[in-house]
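Taking it in order: structure first as structure tokens, then the write-up.
Since the structure is predicted, the reported quantities are computational estimates derived from the model, not experimental observations. In this chain, residues are counted from 1 in sequence order.
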Amino acid sequence: QVQLVESGGGLVQAGGSLRLSCAASGRTFSNYAMGWFRQAPGKERDVVATINWSGSNTYYTDSVKGRFTISRDNAKNTVYLQMNSLTPEDTAVYYCAVSSLPISSPNPRFYNYWGQGTQVTVSS
């Protein structure tokens, strides 16, 4: 059974940092892209960052460029999201996902495994 378990969310003040982790189990995901998405209250789920199978190619949505860094450790079947200079606009439930493709894509329809999400709340 495939499982993605996110951790590292929480409450942080504006300007602070958090590091999210997503551990995958049930199969090996080293051949597939992975990504982080987020959903704020009343809004649709949007892409935050994605990374290809090897970690050599990444994508970031404009609002997080220069502040967030996605990385992966294929030996641990884990993807990370380092979030710096957080703002209240970053408040959302963050989801990790595994793609059906090896290449990085911001389109959520290519992702077929999803975690349960972890809450990130940034206070002003």
Side-chain angles (χ1 to χ4, degrees):
Q1 182 180 355
V2 174
Q3 240 187 341
L4 301 178
V5 179
E6 300 101 335
S7 61
L11 173 64
V12 65
Q13 287 189 329
S17 299
L18 285 173
R19 188 192 193 207
L20 304 184
S21 299
C22 173
S25 62
R27 60 173 289 187
T28 299
F29 292 105
S30 58
N31 294 329
Y32 301 96
M34 300 182 76
W36 287 96
F37 297 77
R38 65 186 178 186
Q39 187 168 19
K43 295 188 177 181
E44 293 184 352
R45 189 175 299 186
D46 289 328
V47 65
V48 177
T50 64
I51 188 167
N52 72 334
W53 69 277
S54 67
S56 63
N57 183 269
T58 56
Y59 167 89
Y60 296 94
T61 194
D62 285 346
S63 62
V64 308
K65 285 179 180 176
R67 301 189 298 123
F68 290 12
T69 302
I70 188 171
S71 61
R72 65 189 296 165
D73 185 337
N74 285 341
K76 297 182 178 179
N77 242 11
T78 300
V79 64
Y80 305 96
L81 186 68
Q82 177 67 44
M83 305 186 295
N84 299 327
S85 302
L86 286 161
T87 73
E89 288 68 38
D90 296 315
T91 294
V93 177
Y94 283 70
Y95 300 88
C96 73
V98 179
S99 175
S100 58
L101 303 173
I103 58 174
S104 172
S105 171
N107 193 328
R109 72 183 180 94
F110 291 121
Y111 293 77
N112 50 5
Y113 295 106
W114 293 82
Q116 293 300 305
T118 184
Q119 177 70 46
V120 171
T121 303
V122 185
S123 63
S124 57

**Item:** Validation row: Asn84, Ser17 side chains within 4.5 angstrom (heavy atoms)
**Value:** yes
**Asked** Given the side-chain rings of Trp114 and Phe37, with only the six-membered ring counted for Trp, is the space between their centroids under 6.0 Å?
**Response** yes
**Single hit among Thr58, Val48, Val64 for side-chain contact (heavy atoms from CB on, under 4.5 Å) with Ile70** = Thr58
**Message:** Would you say Leu81 ends up clustered with Leu86 if hydrophobic residues are merged whenever their side chains have heavy atoms under 4.5 Å apart, either directly or through other cluster members?
**Reply:** yes
**Asked** With distance as the sole test, does Thr87 use its side chain to make a donor-acceptor pair with the main-chain N or O of Glu89 at under 3.5 Å?
**Response** yes
**Request:** Measure from the side-chain N and O atoms of Asn74 to the backbone N and O of Asn77, and report whether any donor-acceptor pair falls under 3.5 Å.
**Result:** no
**Item:** Straight-line distance of Ser100 OG to Asn31 CG, nearest 0.5 Å
**Value:** 12.5 Å
Distance-only donor-acceptor pairs under 3.5 Å for side chains of residues 117-124, two or more places apart:
{"unit_1": "Thr118", "atom_1": "OG1", "unit_2": "Gly9", "atom_2": "N", "d": "3.3"}
{"unit_1": "Gln119", "atom_1": "NE2", "unit_2": "Ala92", "atom_2": "O", "d": "3.4"}
{"unit_1": "Gln119", "atom_1": "NE2", "unit_2": "Thr121", "atom_2": "OG1", "d": "3.3"}

**Message:** Working to the nearest 0.5 angstrom, can you tell me the gap between Cys96 SG and Arg38 CZ?
**Reply:** 15.5 Å
**Request:** Please answer whether the main-chain N or O of Lys76 pairs with a side-chain N or O of Thr78 as donor and acceptor at a distance below 3.5 Å.
**Result:** yes
**Request:** Could I get the full list of ring-ring contact (aromatic ring centres under 6.0 Å, His included) partners for Tyr32, not counting sequence neighbours?
**Result:** none
**Asked** Do the side chains of Leu18 and Phe68 join up, straight or via other hydrophobic residues, at under 4.5 Å, putting them in one cluster?
**Response** yes
**Asked** Aromatic rings Tyr113 and Phe29: how do their planes relate, parallel, tilted or perpendicular, breaks at 30° and 60°?
**Response** perpendicular
**Request:** With rounding to the nearest 0.5 Å, note down the distance linking OG in Ser30 to CG in Asp73.
**Result:** 11.0 Å
**Request:** For residues Leu4 and Ala24, report the shortest heavy-atom separation together with the two atoms involved.
**Result:** CD2-CB, 3.3 Å
**Message:** Any side-chain to backbone donor/acceptor pair from Tyr111 onto Ser105? Under 3.5 Å, distance only.
**Reply:** yes
**Message:** Set out, in order, the CA-CA distance, both residues' side-chain angles and the distance that settles side-chain contact (heavy atoms from CB on, under 4.5 Å) for Ile51 and Ser104, then state yes or no.
**Reply:** CA-CA 5 Å; Ile51 188 167; Ser104 172; 5.7 Å; no
**Test log, rule side-chain contact (heavy atoms from CB on, under 4.5 Å), inputs Trp36 and Glu6** = CA-CA 10 Å; Trp36 287 96; Glu6 300 101 335; 3.8 Å; yes
**Prompt:** Quick one: do Tyr95 and Met83 end up in the same hydrophobic cluster if we chain Ile, Leu, Val, Met, Phe, Trp and Tyr together by side-chain heavy atoms under 4.5 Å apart?
**Reply:** no
**Request:** Decide side-chain contact (heavy atoms from CB on, under 4.5 Å) for Arg67 and Asp90; before the verdict, give the C-alpha distance in whole Å, the side-chain angles of both, and the deciding distance to 0.1 Å.
**Result:** CA-CA 11 Å; Arg67 301 189 298 123; Asp90 296 315; 2.8 Å; yes
**Asked** Donor-acceptor pair, Ser99 side chain versus Phe110 backbone, under 3.5 Å?
**Response** yes
**Request:** Please answer: with hydrophobic residues joined when any side-chain heavy atoms are less than 4.5 Å apart, are Tyr80 and Tyr60 in the same cluster?
**Result:** no
**Prompt:** Between Asn57 (side chain) and Asn52 (backbone), is there a donor-acceptor pair under 3.5 Å?
**Reply:** no
**Request:** Could you list the residues that satisfy ring-ring contact (aromatic ring centres under 6.0 Å, His included) with Trp53, not counting sequence neighbours?
**Result:** none
**Message:** Please determine whether residues Val2 and Met34 belong to a single hydrophobic cluster, defined as Ile, Leu, Val, Met, Phe, Trp and Tyr linked transitively by side-chain heavy-atom distances below 4.5 Å.
**Reply:** yes
**Request:** Assess whether atom CD of Gln39 is packed by more than 12 heavy atoms of other residues, nucleotides or ligands within 6.0 Å.
**Result:** yes
**Fill in**
Between the CZ atom in Arg72 and the OG atom in Ser21, the distance rounded to the nearest 0.5 Å is 14.0 Å
